[in-house]
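Report on one structure; see the data block that follows.
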Amino acid sequence: MKTRLSVNVNKIATLRNSRGQNTPNLLKVVEDIEGFGSDGITIHPRPDERHIRYSDALELSKIIKSELNVEGNPIDNFMQLVLKIKPTQVTLVPDGINNITSNSGWDTIKHSEFLGKKIEELKSCGIRTSVFVNPDPKMIRGAFEIGADRIELYTYHYAHQYKIDKENAISQYYQSAKEANKLGIGINAGHDLNLNNIGYFKQKISNLLEVSIGHALITESLYSGFENVISRYKAILG
Ligand code: PXP
């Protein structure tokens with residue numbers, strides 16, 4: 001089964017913002033990334049707009065030909081944005097305002113009422129919903145019970161343990177995917193995936209629908225170029 005590659009372009013916006021002008025041009029980069037074969041584009045606007053700005057999201061939503069996945073904490077501003085631009089998918093992430101990057105999945109049991117309401121709102125507008133979770137079968141079941149279409153497995157722990165003991169690194173993810181497949185909820189994954197560790201993850205996690213990759217893919221592209229790197233990911237993902 002093919003796994004779709006969604007390229008997270010936050011880092012492109014960070015680079016642009018560092019000079020206060022429009023180089024690199026985010027819209028042009030996104031068009032090129034799609035041309036090189038990406039199956040989707042992921043953006044993660046944060047309340048302080050330190051990388052992707054809300055205005056970027058508006059512009060991108062008009063030009064993206066593949067799938068747009070918008071990630072973030074469903075605070076009021078975020079919900080207003082996604083209900084306006086109606087991306088293909090919204091991934092709910094419990095990111096705190098001062099976090100450098102996402103550092104945990106949702107507790108889908110503790111926050112079931114809050115998340116359930118947001119999911120209902122998004123689904124009623126035809127937006128596919130995904131909930132970012134740690135690899136814990138209880139959290140997967142929680143996401144299923146509040147009506148999410150998919151989960152996104154937080155792969156930080158896999159990626160870091162992979163270098164030491166890959167069988168141990170995958171085991172919780174394997175159990176979680178088994179639970180997701182039993183329930184019939186879709187599986188996405190992301191965080192710290194790269195060209196070295198993604199093949200084993202793909203091999204062990206059946207029905208992996210989508211991965212979203214930013215930091216490593218951009219770093220790898222500094223050496224090898226987007227076109228080459230994207231085609232290497234695509235070859236691994238089937
Ligand atoms: N998924 C979520 C929820 C994220 O916050 C991020 C990072 O913005 C990613 C996936 C992609 O992680 P990485 O940049 O390490 O590939």
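Numbering of ligands and ligand atoms starts at 1, following listing order. Hydrogens, waters and symmetry mates play no part in the numbers below; they use all other heavy atoms, side chains included. Computed from a prediction, not measured in an experiment: that's the story for all the values here.
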For [X], take its heavy atoms, then give the atoms of ligand 1 lying under 4.0 Å from any of them.
| X | result |
| --- | --- |
| E152 | 1 (N), 2 (C), 3 (C), 10 (C) |
| I213 | 16 (O) |
| H44 | 4 (C), 5 (O), 8 (O) |
| V93 | 3 (C) |

[atom] - nearest protein heavy atom and its distance:
| atom | answer |
| --- | --- |
| atom 11 (C) of ligand 1 | S212 O, 3.8 Å |
| atom 15 (O) of ligand 1 | D192 N, 2.8 Å |
| atom 9 (C) of ligand 1 | H191 CD2, 4.0 Å |
| atom 14 (O) of ligand 1 | H215 N, 2.9 Å |
| atom 2 (C) of ligand 1 | E71 OE1, 3.2 Å |
| atom 16 (O) of ligand 1 | G214 N, 2.8 Å |
| atom 8 (O) of ligand 1 | N8 ND2, 3.5 Å |
| atom 5 (O) of ligand 1 | S102 OG, 2.4 Å |

Distance (rounded to the nearest 0.5 Å) between [X] [atom1] and [Y] [atom2]:
| X | Y | atom1 | atom2 | value |
| --- | --- | --- | --- | --- |
| F132 | S212 | CZ | OG | 8.0 Å |
| F114 | I146 | CZ | CD1 | 10.5 Å |
| E220 | N196 | CD | CG | 7.5 Å |

[X], [atom1]: over 12 other non-hydrogen atoms inside 6.0 angstrom:
| X | atom1 | result |
| --- | --- | --- |
| H215 | NE2 | no |
| D48 | CG | yes |
| Y174 | OH | no |

| message | For the residue pair D39 / S6, report whether a side-chain donor-acceptor contact shorter than 3.5 Å exists. | response |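 The answer is no; no qualifying pair exists.
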
| query | Is there a heavy atom in N10 that sits closer than 4.0 Å to ligand 1? | reply |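 Not so, N10 does not reach ligand 1.
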
| Whether K11 lies under 4.0 Å from ligand 1, heavy atom |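 Judged by the 4.0 Å heavy-atom criterion, K11 does not count as contacting ligand 1.
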
| query | Going by the angle between their ring planes, with limits at 30° and 60°, are Y156 and Y154 parallel, tilted or perpendicular? | reply |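 Judged by the thresholds at 30° and 60°, the geometry between Y156 and Y154 is parallel.
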
| A148 and T129: which non-hydrogen atoms are nearest, and at how many Å? |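 Taking every non-hydrogen atom into account, CA-OG1, 3.6 Å.
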
